[in-house]
Number of protein chains: 2
Amino acid sequence: MRISALAEATGVSVATLKYYLREGLLHPGAVRSRTQADYDETHVERVRLVRALGDVGGLDLATIRRVLATIAEPDVERVGILGAAQRSLLGEAFVEIDDAPGELDPDSPSRARRFAAARGWRIDPRDPVLDDLDAAWDACDAAGIGVDEARMSAYADATETVAEVDVASVPREPAAAVRQVVLGTVLVDPVLAALRRLAHQHVAVSRETPPS
Amino acid sequence: MRISALAEATGVSVATLKYYLREGLLHPGAVRSRTQADYDETHVERVRLVRALGDVGGLDLATIRRVLATIAEPDVERVGILGAAQRSLLGEAFVEIDDAPGELDPDSPSRARRFAAARGWRIDPRDPVLDDLDAAWDACDAAGIGVDEARMSAYADATETVAEVDVASVPREPAAAVRQVVLGTVLVDPVLAALRRLAHQHVAVSRETPPS
DNA sequence: CAATCTTGGGTAGCGGTACTATCCAATGTC
DNA sequence: GACATTGGATAGTACCGCTACCCAAGATTG
């Protein structure tokens, strides 16, 4: 399969494919001569994956590159599967959890930390996702959306059942597990977001005109 | 409060505030003289809201402008509260549901449509969110993440309980309701995403070392 | 075998987004 | 009266994700 055929198969222009090759998002094809390389199904899949991560997952190319690298050679030993996933998605911003400076204040933990603790969630208080939750929660406050602890608890219940399903679907084999976790973290979020909007519609309609 | 004080209060540079004023994202202050205007708490809140929608919600400025316009003068009569929310978030891409061309094929509905129907969700088959769900679901397939109907059902269960909470928190008064729905749609997604990642962590840890 | 693609490789440019910097004359402030 | 600040305007910047163009080597077709 030549590059033009790959372009046709994926719906991505030849120029863009060359760009992906240059950027290291797409592995080179088998070189047949100086002006010909052979691409196969793995290239088609890769291109589709890159587009999926970008268009649906909303990742930029730098993050996509890290995600692909993580999948290619997962560094499970060092930080575990979830750690590897998180590091690939955070990039520069990722701080090795042991290296975290002594900024942690056990006397006045953030709202997210208190919430997680109260819930009995066993989470390292240095986990940066806790800061994400604080930021998102604060943003809701700034917008005047009342998200009190009760509502947050209901959300946490729901996400916990989601997480059980997610974890149950992770393969035992480490490399496949990393792949599933990294891609699942990114690509299932949009699925859940769409389902939530649809559920809004359904619930709203059902309240107006209850099902007979 | 002068513009420099507003900048200090919000952590946004004066240059950027001027830019927001120009772009209509921030209402002008009370003009005291040709070189002085007075800003108040409403301006502080507005700036914080704009940053929250951008930084946390990931919206671009054009979308933020539409969201603010929708909140300011909701057009509830025409398309209902959820419709108003959706239109402000979709912008150009929004197609009046009655105007939808006859492209709808009732004989071969998409996977998302079949799924929603099988679930008993009462959703207009022309709802564009169904297409979003199809795209997100397809992206999971393209990535090799197996999301079968069973898993999707579990996700739908979870989002349905989230949606119940969401709908229950919507005020009765129309203008406040539109505000809650539009902002809640955008800003709660990141909260749920963070909770899901934390729940992953918790569930994974609990499986390794079950709670005593 | 010659005319016509097509390819890899490279460089340069483009359109959009979200600011940022600079200048100005009018006006506040000390 | 010296200096800082403001609104208003214009121009410039940095980054991102492509896109366009060029070239010479090599493949394909009539």
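Quick caveat, the model's predicted, so the values are computed rather than measured. Lettering of chains follows the sequences in order, A, B, ..., and the numbering in each one begins at 1.
Relative ring orientation between A:His43 and A:His27 is described as parallel, the plane-to-plane angle staying below 30° on a 0-90° scale split at 30° and 60°.
For B:Glu173, the CD atom sits in a packed shell: over 12 heavy atoms of surrounding residues, nucleotides or ligands are nearer than 6.0 Å. Summarising the local packing, CD of A:Glu23 is surrounded by more than 12 heavy atoms from other residues, nucleotides or ligands at distances under 6.0 Å.
Annotation: of the two residues near DNA chain D, A:Tyr19 and B:Val14, the 5′-most nearest-nucleotide partner is B:Val14. Toward the 5' end of DNA chain C, the nearer of the two residues B:Ala62 and B:Ser33, judged by each one's closest nucleotide, is B:Ala62.
A distance of 11.5 Å separates CG in A:Leu26 from OG1 in A:Thr16, rounded to the nearest 0.5 Å.
Contact annotation: A:Tyr39 reaches the phosphate of C:dG8 (side-chain N/O to OP1 or OP2, under 4.0 Å). Within the structure, every side-chain polar atom (N or O) of B:Tyr20 is placed at least 4.0 Å from both OP1 and OP2 of C:dA18. A sub-4.0 Å separation between OP1 or OP2 of C:dT20 and a side-chain N or O of B:Thr16 is present.
Judged purely by distance below 3.5 Å, without hydrogens or angles, the side chains of B:Arg51 and B:Tyr20 pair a donor atom with an acceptor atom.
Across the protein-nucleic acid pair, B:Arg22 atom CZ and C:dA18 atom P stand 14 Å apart, rounded to whole Å. Following rounding to the nearest Å, B:Ile64 (CD1) and C:dA18 (P) show an atom-to-atom distance of 7 Å. Going from atom NZ of A:Lys18 over to atom C1' of D:dC22 covers 10 Å, rounded to whole Å. What separates CG of A:Leu26 from P of D:dG17 is a distance of 16 Å, to the nearest Å. Straight-line distance from the CE atom of A:Met1 to the C1' atom of D:dA27: 18 Å, rounded to whole Å. With rounding to whole Å, B:Asp60 atom CG is found 15 Å from D:dG17 atom C1'. When rounded to the nearest whole Å, the span between CG of A:Leu17 and P of D:dC18 equals 11 Å. Between the P atom of D:dG26 and the CD1 atom of A:Ile3 lies a distance of 18 Å, rounded to the nearest Å.
Looking at heavy-atom distances under 4.0 Å, B:Arg51 makes contact with sugar-phosphate atoms alone, never a base. Heavy atoms of A:Ala37 sit under 4.0 angstrom from primed sugar atoms or phosphate atoms, though from no base atom.
In the set D:dT6, D:dT28, C:dA26, the nucleotide with an atom closest to the side chain of A:Arg2 is D:dT28. The side chain of B:Thr35 lies closest to C:dA26 when the candidates are C:dA26, D:dC18, C:dG28.
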